[in-house]
Visitor: 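Next up is a structure, given as structure tokens.
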2 protein chains.
Amino acid sequence: MASAADYSILFEPVKIGPVTARNRFYQVPHCNGMGHVRPQAEAAMRAMKAEGGWAVVSNQETEIHPTSDLSPSAEGRLWDARDIPALRLMTDGVHAHGGLAAVELAHNGHHARNHLTRAPLLAPSDLSVDVAYPRQARAMDKSDIKAFRQWHKAAALRARDAGFDIIYVYAGHHMTLAQHFLLPQFNDRMDEYGGSLENRVRLTRELLEDTREAVGDTCGIAMRLAVDEMRGAGGMQAAEEGRAVVEMLAELPDLWDVNVADWANDSVTSRFQQAEGYQNDYISFVKQVTTKPVVAVGRIGSPDMMAAMVRKGIVDFIGAARPSISDPFLPRKIEEGRIDEIRECIGCNICVSADCLSVPIRCTQNPTMGEEWRRGWHPERIAPKGAEQAALVVGGGPAGLECAMQLARRGYDVTLAEAGPEMGGRVIAEAGLPGLSAWKRVADHRLYDLSQRGNVQMFTGSALDAAQVLELGIPNVFIATGSHWRADGRGRSNLAPLTNDGALPVLTPDDIMAGARPPEGPVMVCDDDQAYIAGVIAELLAATHEVIFVTPAATVSPFTELTLEQHRIQRRLIEMNVEIITNHRLAALHGTAQIACTYTARLRDVACASAVLVTERVRETALFNSLRVQDHGLRALELIGDAANPGLIADAVYEGHRAARNFERDPAEVDAEYFRREMVALSD
Amino acid sequence: MASAADYSILFEPVKIGPVTARNRFYQVPHCNGMGHVRPQAEAAMRAMKAEGGWAVVSNQETEIHPTSDLSPSAEGRLWDARDIPALRLMTDGVHAHGGLAAVELAHNGHHARNHLTRAPLLAPSDLSVDVAYPRQARAMDKSDIKAFRQWHKAAALRARDAGFDIIYVYAGHHMTLAQHFLLPQFNDRMDEYGGSLENRVRLTRELLEDTREAVGDTCGIAMRLAVDEMRGAGGMQAAEEGRAVVEMLAELPDLWDVNVADWANDSVTSRFQQAEGYQNDYISFVKQVTTKPVVAVGRIGSPDMMAAMVRKGIVDFIGAARPSISDPFLPRKIEEGRIDEIRECIGCNICVSADCLSVPIRCTQNPTMGEEWRRGWHPERIAPKGAEQAALVVGGGPAGLECAMQLARRGYDVTLAEAGPEMGGRVIAEAGLPGLSAWKRVADHRLYDLSQRGNVQMFTGSALDAAQVLELGIPNVFIATGSHWRADGRGRSNLAPLTNDGALPVLTPDDIMAGARPPEGPVMVCDDDQAYIAGVIAELLAATHEVIFVTPAATVSPFTELTLEQHRIQRRLIEMNVEIITNHRLAALHGTAQIACTYTARLRDVACASAVLVTERVRETALFNSLRVQDHGLRALELIGDAANPGLIADAVYEGHRAARNFERDPAEVDAEYFRREMVALSD
């Protein structure tokens with residue numbers, strides 16, 4: 001284990017204009033599905049980051065005016081003084097734990113929708129909104145620009161009044177007016193705000209100057225800039241205009257927060273980018289052209305890399321969004337030399353998916369994320385055990401591992417029995433698929449923790465039946481026996497049983513993950529799950545087989561729109577020559593595969609030598625059912641994880657956590673937590 | 001004009017159990033994007049219906065428990081007593097205008113998401129959730145069913161306490177547990193809740209009995225049932241099990257609210273179903289098997305049909321969702337013999353689109369819809385004019401017509417000048433396309449109203465330049481000059497100008513709507529608008545041409561997912577043998593069309609003889625710009641509608657209305673309305 005001293009450089013204070021960060025850990029702005037819709041949850045979640053040691057804790061993009069209305073998305077809002085009290089909850093929470101609070105002011109231009117306000121949409125030039133909705137933004141005239149600057153300045157003053165220490169000017173993710181003006185693809189103006197880079201930078205410069213004038217005496221001013229669009233010569237590049245913009249504005253802000261655009265590039269998943277610090281090549285020039293401190297991101301989780309990045313002069317602050325979600329106490333754990341206790345981000349973007357759905361953030365690794373306010377969960381603290389002494393957890397997948405770990409933390413004598421040859425369940429199985437190796441960290445973190453405890457016994461290769469469970473004499477049993485994939489074709493698009501004459505070899509994802517491979521010849525991957533597994537399996541098999549991908553959806557793996565991966569997944573399959581047949585469901589297997597158009601129900605046969613059915617999962621409930629009907633003398637018996645409700649790995653971890661935390665609690669109190677929510681005030 | 005007496009049958013009171021409806025006009029439950037997220041807006045919107053004469057005003061599906069959490073959708077919520085005050089706003093509002101208030105209690109089973117509560121998902125059988133999200137609901141065991149019944153009963157009691165007069169048991173739209181239990185496709189249980197119809201009906205029967213026991217002494221109990229799935233023998237049919245269900249439960253509720261499933265069938269657009277009363281064939285049996293009053297829908301807007309339906313014994317109540325949105329005062333207008341003043345629904349489902357987006361409802365015909373609370377707009381009342389006497393409106397499209405009509409209602413002397421040969425602008429042009437004829441009503445309603453007024457002068461064939469405008473000497477000018485479709489290929493997917501050697505004939509939607517047709521040979525319809533026009537044009541041209549439809553989206557007309565039409569549109573094009581190429585944008589025109597894959601950027605040529613470019617619109621601002629730069633002496637000059645921000649017809653009507661209503665108001669007051677919104681309470 002590394003000693004804390006090795007990382008002392010990370011704990012040096014750094015000035016950001018008039019304010020001082022206590023160390024170099026900087027939670028950059030990131031969405032969380034709370035914002036103005038769930039301000040108490042937002043405040044508690046951000047405060048937890050400060051408690052965990054982050055020197056700067058930012059909120060998320062914050063609408064400054066009704067012409068930048070992102071409804072129904074749950075972002076920040078600071079239209080007028082009425083929004084101040086909600087944001088004050090957050091700044092008070094962050095301050096209480098010694099952090100600086102930052103606000104990311106945003107005007108979203110043609111990325112806004114204005115569905116609630118029905119206000120005019122504004123942009124540098126006449127532009128369609130950036131979704132499939134028939135509305136267009138109008139080119140801002142001089143009076144619009146003047147008004148926009150006034151709105152931004154007024155919002156900065158309100159932000160200061162709300163207690164923020166750092167105020168952003170935001171030009172990133174293709175999401176804001178400041179960046180839209182910067183980029184020729186959005187800006188074809190002929191006036192002093194268009195044409196030359198000097199002209200396109202003008203608005204951002206003015207926003208920085210306006211903000212300085214408004215709040216520069218008391219607040220640090222951060223400039224968030226996407227220095228590279230990752231479109232090559234077709235867009236802004238770090239070595240070209242990206243650098244030039246930083247040079248032009250070098251000393252105007254108090255801090256540079258630099259990244260790449262768009263969001264899917266900034267927050268790329270581990271499936272498509274295994275390396276941490278993957279933005280360093282784009283942003284390392286910045287410190288050469290400004291004396292101001294620099295923060296950057298890139299799913300940086302290793303303290304060694306963090307220290308090296310500071311020592312090498314790449315950054316002054318270690319920026320984090322996802323690693324701070326996975327482990328809000330990352331800075332404290334480094335400071336205290338508890339490196340092995342860090343819950344490393346797996347880069348799955350389940351956090352992002354929640355924001356895309358406008359629901360509270362969740363995290364595969366950190367089940368407490370998003371529950372700080374609603375359930376009062378703390379990532380590092382859990383109540384000690386009550387009267388009970390011992391618990392048995394059956395199943396060592398994500399739900400069982402988390403449940404066992406939390407029960408052990410509470411002080412129970414925990415026995416964890418896994419039927420398979422190793423712990424990890426679906427996490428280990430899925431981690432063996434292309435691109436998903438980082439997911440193994442879900443098991444690694446928990447197995448390491450469990451291995452350090454004296455009150456835990458773990459057994460693999462231990463399939464238990466009801467009699468064996470009862471023989472153990474442990475009165476509290478958590479059943480986390482997981483699920484397996486159906487082989488009969490039933491799923492959300494095929495509710496009736498599939499006609500299958502048995503002639504065509506059929507495999508399931510479980511078979512594939514266990515190492516089985518289809519026979520020679522074309523294989524059809526039938527996806528009715530529509531999440532990620534079918535796409536990954538197609539990618540795996542495309543290396544050795546001709547693959548035909550059939551989905552009732554219009555795209556491959558549509559769920560992955562929410563994790564910002566869909567375009568990469570479908571591109572990869574196309575490039576691997578997978579034949580993609582969308583809008584079709586599997587209709588029958590009769591020697592070959594018959595598929596039906598989801599629009600017309602027209603049937604057609606597609607020749608193939610085998611099929612992989614990725615449709616739906618069957619819960620493993622035999623043990624639970626058997627125990628439940630017996631007069632078994634158990635005091636607690638609970639079914640958790642995929643065995644109760646098949647879902648994401650994040651759901652399984654969450655359910656395991658919930659079960660452990662609620663064990664021996666008053667059931668009425670537990671039930672009441674499901675009802676806790678933020679509500680709309682009934683006076684105007 | 002028909003006399004009011006002809007329709008006296010529609011104004012007879014009807015008993016619904018212990019309560020009495022004052023007439024036969026019944027606003028069935030419908031979503032509005034407000035619900036528990038915007039309770040003040042919800043209350044004001046529903047109260048307006050009561051003021052307009054509806055005897056019964058229902059809310060929308062109302063979650064009864066955290067296991068039926070539809071977040072982030074803005075539906076009703078009645079989880080516990082904390083939700084009562086918000087709903088009380090609505091019942092008080094409805095009662096104040098003499099209406100009965102109905103609540104649609106709902107448990108959404110595997111149609112719920114539980115993204116906020118993270119509670120278990122429940123269903124009759126193990127089932128995947130009905131969207132592309134990898135979560136599965138678990139089959140409810142007996143204790144789950146018992147608990148569910150208790151939740152429903154408790155919710156009924158809370159609904160009564162909130163002041164509701166009628167309480168629903170809801171089994172429709174494929175959206176609720178009661179219906180999921182009814183249908184074999186979702187229910188493969190082996191116990192007394194599955195198998196025979198008697199068993200599948202059991203849960204619904206129990207809910208009716210429970211509700212009767214809880215609130216039957218004071219509230220009417222409504223049963224909303226989808227009697228036909230419109231899947232033929234593959235689903236429930238009105239003549240088979242649909243009828244049998246009504247027979248089994250005939251006298252249990254106090255009212256039958258019957259329709260067809262799913263939502264897209266119940267609320268089919270005029271594009272795909274021109275006839276009003278289109279559900280009559282499915283529901284007319286109901287009154288034969290029950291003595292209880294019956295309500296049904298079918299976009300019924302004609303008083304003659306309404307009266308006939310009652311006289312023929314098809315229904316007791318005229319149900320309406322969309323016609324009550326288009327004209328909340330429909331009952332009063334019939335009662336008062338003002339038939340010609342009814343704003344008829346055009347069946348465009350823009351109302352539905354708002355709910356799908358979780359934003360407040362809007363309506364193409366009725367721009368005040370959704371603005372009753374926020375802006376205080378009343379569909380039938382508008383403030384009289386101030387000091388000004390006259391106004392000129394340039395452009396007789398939807399924005400200009402609405403603006404002129406409202407200005408005339410305010411008492412101004414209004415001059416309306418249209419450049420084209422007839423009034424109506426894009427409404428008339430688009431109404432000439434296949435399926436869109438009902439849209440003409442947007443112009444018809446306004447032209448009739450304007451024609452009845454003495455303070456309006458209308459001119460067609462009157463293109464005006466700035467000098468001519470000034471010569472008129474009218475000091476207040478509203479410019480509604482609209483927009484035209486670009487011919488250069490620019491759009492949201494093609495921000496750079498398109499390479500075009502000019503060899504291939506190119507048409508725009510304006511050309512098509514003006515009657516131009518492509519030359520012989522294959523025509524490529526290139527859709528970057530992604531709304532509805534390109535799909536309609538493809539349908540039109542497919543009758544005479546080989547059509548290739550190219551879209552950067554994954555589906556044809558993806559916007560129309562929001563209007564519940566997408567599946568019908570794509571099916572129709574497939575059946576008309578249109579070649580559909582998704583995920584491609586137009587890259588160049590060089591004798592033929594070159595398209596680029598949106599995933600890989602791979603280019604390919606597609607042979608065609610012409611192209612119709614449906615990409616983006618150019619605002620017609622020449623007159624406005626010319627007037628603006630002159631020292632013209634005008635006192636008011638405003639650009640409205642598509643000329644200001646191209647959007648939906650609904651947006652143009654709204655902007656015309658807003659401009660007329662805000663004319664001569666204090667600009668600060670007008671501006672303040674953009675900021676009005678409902679906010680979250682900051683205490684738990």
Side-chain angles (χ1 to χ4, degrees), chain A residues 37 39-40 66 71-72 79-80 82 85-86 89 115-121 126 128 130 132-138 185 357-360 491-492 495 529-531 553-555 558-559 567 570-571 574-575 599-600 616-617 619 644-648 651 654 674-675 677-682, chain B residues 37 39-40 66 71-72 79-80 82 85-86 89 115-121 126 128 130 132-138 185 357-360 491-492 495 529-531 553-555 558-559 567 570-571 574-575 599-600 616-617 619 644-648 651 654 674-675 677-682:
Chain A
V37 178
Q40 296 170 97
S71 301
W79 290 358
D80 62 19
R82 291 176 66 210
L89 292 181
H115 281 315
L116 174 65
T117 62
R118 304 191 74 171
L121 289 156
D126 281 11
S128 295
D130 64 1
Y133 195 93
R135 287 194 76 193
Q136 295 176 214
R138 73 158 191 256
Q185 65 166 316
L357 288 165
S358 306
V359 297
R492 59 168 60 83
L495 290 165
D529 176 53
Q530 305 182 29
T555 58
F559 163 78
H567 61 299
Q570 191 150 346
R571 181 169 65 213
I574 293 170
E575 288 174 347
Y599 290 108
T600 62
E616 198 169 84
R617 287 172 279 165
R619 304 185 291 133
N645 275 83
L648 293 164
D651 296 318
Y654 180 88
Y674 283 107
F675 290 79
R677 72 271 191 199
E678 305 197 44
M679 299 184 72
V680 173
L682 296 186
Chain B
V37 178
Q40 296 171 96
S71 302
W79 290 357
D80 62 19
R82 293 176 66 210
L89 292 181
H115 281 314
L116 174 66
T117 63
R118 303 191 76 169
L121 289 156
D126 282 11
S128 296
D130 65 0
Y133 195 92
R135 287 195 77 192
Q136 295 176 215
R138 71 158 191 256
Q185 65 166 315
L357 288 166
S358 305
V359 297
R492 57 168 61 81
L495 290 165
D529 175 53
Q530 305 182 31
T555 59
F559 164 78
H567 61 300
Q570 191 151 346
R571 180 169 66 216
I574 293 169
E575 288 173 347
Y599 290 109
T600 63
E616 199 169 83
R617 287 172 281 166
R619 304 186 288 133
N645 276 82
L648 293 163
D651 296 318
Y654 179 89
Y674 283 108
F675 289 80
R677 72 271 191 198
E678 304 199 44
M679 299 184 70
V680 173
L682 297 186

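Residue numbers begin at 1 in each chain, while the letters A, B, ... track the order of the sequences.
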Visitor: With chain B as the partner, which of A/Gln185, A/Glu616, A/His567, A/Glu678 has the greatest number of non-hydrogen pairs under 4.5 Å?
Guide: A/Glu616
Visitor: Is any side-chain heavy atom of A/Arg677 closer than 4.5 Å to one of B/Thr117?
Guide: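 No, their side chains stay 4.5 Å or more apart.
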Visitor: Between A/Arg138, A/Arg571, A/Arg492, which residue shows the highest count of heavy-atom pairs closer than 4.5 Å to chain B?
Guide: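 Of the options given, most contacts go to A/Arg492.
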Visitor: Taking B/Asp126 first and then A/Arg617, would you say they form a salt bridge - that is, a charged N and a carboxylate O separated by under 4.0 Å?
Guide: no
Visitor: For chain A, which of B/Asp80, B/Asp529, B/Leu648 has the most heavy-atom pairs under 4.5 Å?
Guide: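 Greatest number of close heavy-atom pairs with chain A: B/Asp80.
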Visitor: First locate atom OH of B/Tyr599, then atom OG1 of A/Thr555, and finally report the distance between them rounded to the nearest 0.5 Å.
Guide: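 One gets 5.5 Å once the value is rounded to the nearest 0.5 Å.
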Visitor: Please determine, among A/Ala553, A/Ala137, A/Pro120, A/Gly491, the option with the most heavy-atom pairs under 4.5 Å with chain B.
Guide: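 Of A/Ala553, A/Ala137, A/Pro120, A/Gly491, A/Pro120 has the most heavy-atom pairs under 4.5 Å with chain B.
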Visitor: Examine whether an atom of B/Pro360 lies under 4.5 Å from a heavy atom of chain A, and if so say whether it belongs to the side chain, the backbone or both; otherwise answer neither.
Guide: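 Only the side chain of B/Pro360 comes within 4.5 Å of chain A.
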Visitor: Which one wins on heavy-atom pair count under 4.5 Å against chain B: A/Pro66, A/Ala554, A/Pro646, A/Ala119?
Guide: A/Pro646
Visitor: Is A/Leu89 close to chain B through its backbone or its side chain, or both, or neither, when contacts mean heavy atoms under 4.5 Å?
Guide: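 Looking at A/Leu89, just its side chain touches chain B.
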Visitor: Heavy-atom pairs under 4.5 Å with chain A are the metric here; pick the option from B/Gly647, B/Pro72, B/Pro134, B/Ala531 that has the most.
Guide: B/Pro134
Visitor: Distance check, rounded to the nearest 0.5 Å: B/Trp79 atom CH2 versus A/Met679 atom CE?
Guide: 9.0 Å
Visitor: Among B/Leu495, B/Leu357, B/Val359, B/Val680, which residue forms the greatest number of heavy-atom pairs with chain A at distances under 4.5 Å?
Guide: B/Val680
Visitor: For A/Ala644, is it the side chain, the backbone, both, or neither that has a heavy atom closer than 4.5 Å to a heavy atom of chain B?
Guide: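 A/Ala644 touches chain B through backbone heavy atoms alone.
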